[in-house]
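Below is one structure; the comments refer to it alone.
Below, each value reflects all heavy atoms present in this structure, side chains not excepted, and no hydrogens, waters or symmetry copies. Just so we're on the same page: letters track the sequence lines, and every chain starts at 1.
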Protein chains: 4
Amino acid sequence: MIIVMHSNATEHDIEIVHQRLAEHHLLGHLSRGKERFVIGVVGGNIPEALRTELELLEGVQETIRITRPYKLAAREFHPADSIIQVGPIAIGASNCVVIAGPCAVESEQQIVQTARAVSAAGATILRGGAFKPRSSPYAFRGLGEEGLQLLALARQETGLSIVTEVMNAKDVELVARYADMFQIGARNMQNYQLLEEVGRSTMPVLLKRGMAATIEEWLLSAEYIMAQGNRNVVLCERGIRTFETATRNTMDLNAVALAKRRSHLPVLADPSHGTGKWYLVAPLALAALAAGADGLIIEVHPNPDHAYSDGAQSLTCENFAALMPQLTAVAAAVGRGI
Amino acid sequence: MIIVMHSNATEHDIEIVHQRLAEHHLLGHLSRGKERFVIGVVGGNIPEALRTELELLEGVQETIRITRPYKLAAREFHPADSIIQVGPIAIGASNCVVIAGPCAVESEQQIVQTARAVSAAGATILRGGAFKPRSSPYAFRGLGEEGLQLLALARQETGLSIVTEVMNAKDVELVARYADMFQIGARNMQNYQLLEEVGRSTMPVLLKRGMAATIEEWLLSAEYIMAQGNRNVVLCERGIRTFETATRNTMDLNAVALAKRRSHLPVLADPSHGTGKWYLVAPLALAALAAGADGLIIEVHPNPDHAYSDGAQSLTCENFAALMPQLTAVAAAVGRGI
Amino acid sequence: MIIVMHSNATEHDIEIVHQRLAEHHLLGHLSRGKERFVIGVVGGNIPEALRTELELLEGVQETIRITRPYKLAAREFHPADSIIQVGPIAIGASNCVVIAGPCAVESEQQIVQTARAVSAAGATILRGGAFKPRSSPYAFRGLGEEGLQLLALARQETGLSIVTEVMNAKDVELVARYADMFQIGARNMQNYQLLEEVGRSTMPVLLKRGMAATIEEWLLSAEYIMAQGNRNVVLCERGIRTFETATRNTMDLNAVALAKRRSHLPVLADPSHGTGKWYLVAPLALAALAAGADGLIIEVHPNPDHAYSDGAQSLTCENFAALMPQLTAVAAAVGRGI
Amino acid sequence: MIIVMHSNATEHDIEIVHQRLAEHHLLGHLSRGKERFVIGVVGGNIPEALRTELELLEGVQETIRITRPYKLAAREFHPADSIIQVGPIAIGASNCVVIAGPCAVESEQQIVQTARAVSAAGATILRGGAFKPRSSPYAFRGLGEEGLQLLALARQETGLSIVTEVMNAKDVELVARYADMFQIGARNMQNYQLLEEVGRSTMPVLLKRGMAATIEEWLLSAEYIMAQGNRNVVLCERGIRTFETATRNTMDLNAVALAKRRSHLPVLADPSHGTGKWYLVAPLALAALAAGADGLIIEVHPNPDHAYSDGAQSLTCENFAALMPQLTAVAAAVGRGI
């Protein structure tokens, strides 16, 4: 349920609403928007009688029943676009954001060289995996904390902010020491312990859509994080699993446009995982911005042929640099900057 | 197999190649490109010895084994983009094409009013179904020949070319009397009798991808048409069936970019069927052009709330008119006109 | 809508109901069951007032609104299981039916040898394709009428009834001259012209589920046939297209059980196409009978390694013979014979 | 790589092989089967030279390259069926196992009543969730440790063994104190930290297939557990996510049969989640046994209409009791007991 307050409601009015909710063991989240001033009530079934009662209180304009199962992530709860700050970078604002970097951190030379190249080309956040989820227990699973240290070094060298995957609740604190933004990978979109752990942090979270997750389930996973208090969630579409085998995944740009409509959270797109082929990254990156994505996360490697993982879908530094002006042109065509 | 001829090969050289193929019960299709001059050999397994033999002939530069199962539709066979002419409109050239109109022709007033509106907004081809495939035998299935007559009337009034669906081989001649381009719907993508019947025509064919067809199967269906002699095939991505239920289909823009790479045929996108929701049509239409589509086919209805079919995914004439300048801007950003 | 008549309603009562329907441009289909005696009304929206009016007529017990979009195929319309007769064989009765034979008819020797082997093992209907739908225009597409003649010859030699695919409306008459049952393949499940053409015949129809068709769409395709007057429809699950690539399709036995519940039509299963691997045919054939299928259609070839098509999923005659007693045992376990 | 030893190889021979592997930083797992006696070598690329070298050693019969990415879980590594002991119950032996119980533990009365009913009907292991993964953070998530205590109480009352889900690595120790078998749920199939944590235990693990996991990925997740030393893994197919919406999931019995072929691990089936509808549980349970499943896990609730979760797919105690003799009959038909 959402309780819409009068624009001139007082702090006391709000306090009374919270008290009344508490009597019913319900918790209200206050959101002060420019246009609306609302209290979202999370939790199970709300008695009809309570709704009527609330509407009679001073300062309450109306109550709105929300049929969608997510609340804090819902556009109805927060009509304006949310802007999430990652270091100096604002995600969800008028400028689109480009995150770039290798699939995995492999060495100092590799990560620093890539960071310099993508920074020079215009990226503002560096990606790079220190902990890698791999289908096989025998595959390269990342450098661990050493990888995090190398990312921090690359940040020092370039000024780029850092986003990197955290795979386990127990690593949240460790990763938080080095990174500027957590990444929750597709396989972990419904790892609820992990979601709640990053939800207790204040660091922004890049939440990738699971490869067979519906848009509703994706938003519910955002809700898991937000319900713990961390509102700094950025959604990321990265392709879904379908019958098509000519591409690694099927990039679902419907989901980008629909998530932007149903939620106030920023939505990025990952055309590297979304296609699985480096030569499809550029057209799909352009398409994602045209569809309204607030930015991109792109795999770039100085030498994709020798990458430890995901080489087939990584751009070279040169191809990435060539793509940036095209992205700027399409962003401008839809009224955005980069 | 593709036989690449020397640029200075004579008609006699070509004749000899055809004879040698005929001795092996194989059929060659000659394609005279600007850059290459090639003979595509359709048919089953080609003996290795024959390849060697052919390479020794006068005028033959080399032979190329094609591992993909389609040949005439393959980019290797025809390296340059094919341009398909529909009346005065060139599909696949530097300008993107916008096809618009209602799902079904319902009345003279409806189709003429829509035709005028979309023409004024910049569309150059009118869509509208006279024969409608419907999952239920009890649903509205189109006006039939009367619908075709109304389309012809709308063409007369506006100068727009006409594309309309042909569902059955026996209707090909009838539809050809009224239309400028056949549409093969998603359900009929593997209706081989129909494919071959339009393949014996010279009228351009808009071939929609089946809702569970792989990109390879889609190109093989183009091959069915082309193998009968009709090279005027335009591909159209219209969304695939996946687990996601929040949208009618999942628009697969990976497929647009990949089909452009694997084939020389123009590729359009249908964001109306691809999303099933009118409010997602604009972002996905823009995305499709950014991904490299050669144009769009968009459902427009003067009064979607009262449409006989597909109202939920139809733009109003006003929304369509508002979309056109945005399309022009994104097309320009990727170096195309409209 | 279904109009349930009193068990003692007269012909005159029925006539009056038909007249009243006709006044509203509605068509009633009478069905005389053992337990119930009902009139199904096919067609669009039925005014509430008409329902009330009908319930007041002599002989009418009640009217039932059907929310599912199919009517003639619905279990509500015909509560008892339908039994479809193919020559001497009853499909849908207490005995399960086993149809067996090669994917394609290749030669007299091949088809007669296979027919003798599967007949000896206990199959009662012979399958074999004379017209083969193939994704590629360059693949073997069947022997055509010669194949039909060879099937007729095999019937003469063995007494087996014949089921074979008809791909085009124009071939319906030709196939009907040779076959005992039409097969509509998965690719043609929504080829409505073809469905209606076989619907105007009285010959039984084996209707395969499309590879991305929902159960509802499948039953609607049955409805297309039945609405033309041919009630002799047998459904056949043959696997759906999913993300799994280790098997050719994903056999959907949920669909077998659910179709049996929602419809009165018999349901067969095709474990050959459903799995694509000969070594999975036996377990899935057994599973289908246990799930309640009324029978099986299994690809058998005397020499799968040299089959023109589908060799990988064909059983040898020996493996088929070995499977039959296992099928009999599982059928017995669920109260059926073979 | 698999190193097949001579049946008369000595401990010393084995020791030498292990040493040689260690020199190449490779780890060998010894498996003493009745028929074969093999060492599986897990880890990355194995130099061809090493294979040759190993084959020259005393006691080595041959080396086999495994192209599948899993090794310990592969049938090649362990040709005989593995039998996993859960308390007194052997899973994978000639008798099929029936696990039954409610989705979630709700109260002492509910779990004890259900345990008595399913035990009386013939089930030998009790299921019941104390920790429930839920898409929404606002849904009932289980009683936690209190639920585990109630399960232990039900075991005391009935003698049934207990399987219950563990969702987080940090809960492994807690769950191990009460349960006889861990369940890893579909959402956690690729929660690698959790897999490795249960892999360091010796308690048997029921590993459910992820709802969009390929069979290969599923076996790789088993490999994650086994590579840590815990070989007591039982696979469980529980339906995959497809386009079909008439059922909650699509039960993939192809996967049951194929997993049995590719792996030596026992495979169970969960027709409750596989269908999502209680009236489809019986036919699909029977089908799963016919397809070769080593047992079933079935949701049973004394009062499904009032279940906190999954009521629609739960059998009543009466329906479960009625199903058991049918299961016994089908099991017998394929040569198994219950």
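For D:Ala332, no part sits under 4.5 Å from any heavy atom of chain C, backbone or side chain. Both the backbone and the side chain of D:Thr275 come within contact range of chain C, with heavy atoms under 4.5 Å apart. Residue contact with chain C, scored on non-hydrogen atoms closer than 4.5 Å, involves the backbone of D:Arg241 exclusively. With a 4.5 angstrom heavy-atom cutoff, D:Ile215 touches chain C via backbone and side-chain atoms both. Heavy atoms of C:Ala285 lying under 4.5 Å from chain D are absent altogether. D:Leu253 touches chain C through backbone and side chain together, each having a heavy atom under 4.5 Å away.
Ranked by heavy-atom pairs under 4.5 Å with chain C, the first of D:Gly335, D:Ala333, D:Ala255 is D:Ala333. When each of C:Ala287, C:Gly274, C:Ala246 is checked for heavy-atom pairs under 4.5 Å with chain D, C:Ala287 comes out on top. Between chain D and the residues C:Lys260, C:Met251, C:Glu216, the most heavy-atom pairs under 4.5 angstrom are made by C:Met251. Contacts with chain C were tallied for D:Ala282, D:Ala291, D:Ala288; D:Ala291 has the most, counting heavy-atom pairs under 4.5 Å.
The distance from the CZ atom of D:Phe243 to the CE atom of C:Met211 is 10.0 Å, given to the nearest 0.5 Å. Separation of atoms CD (D:Glu244) and CZ (C:Arg209) is listed at 5.0 Å; rounding is to 0.5 Å.
Within the 4.5 Å cutoff, the side chain of D:Ile240 has heavy atoms near those of the C:Thr242 side chain.
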Decide side chain to side chain contact (heavy atoms under 4.5 Å, CB included) for C:Gln326 and D:Val334; before the verdict, give the C-alpha distance in whole Å, the side-chain angles of both, and the deciding distance to 0.1 Å. CA-CA 7 Å; C:Gln326 301 177 54; D:Val334 294; over 6 Å; no
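In terms of heavy atoms, D:Leu258 sits closest to C:Tyr279 at CD1-CE1, 3.9 Å. Considering all non-hydrogen atoms of both residues, D:Leu280 and C:Ala257 come closest at CD2-CB, 3.7 Å.
Proximity of a side-chain donor or acceptor of D:Asn254 to a complementary backbone N or O of C:Thr247 within less than 3.5 Å is not detected.
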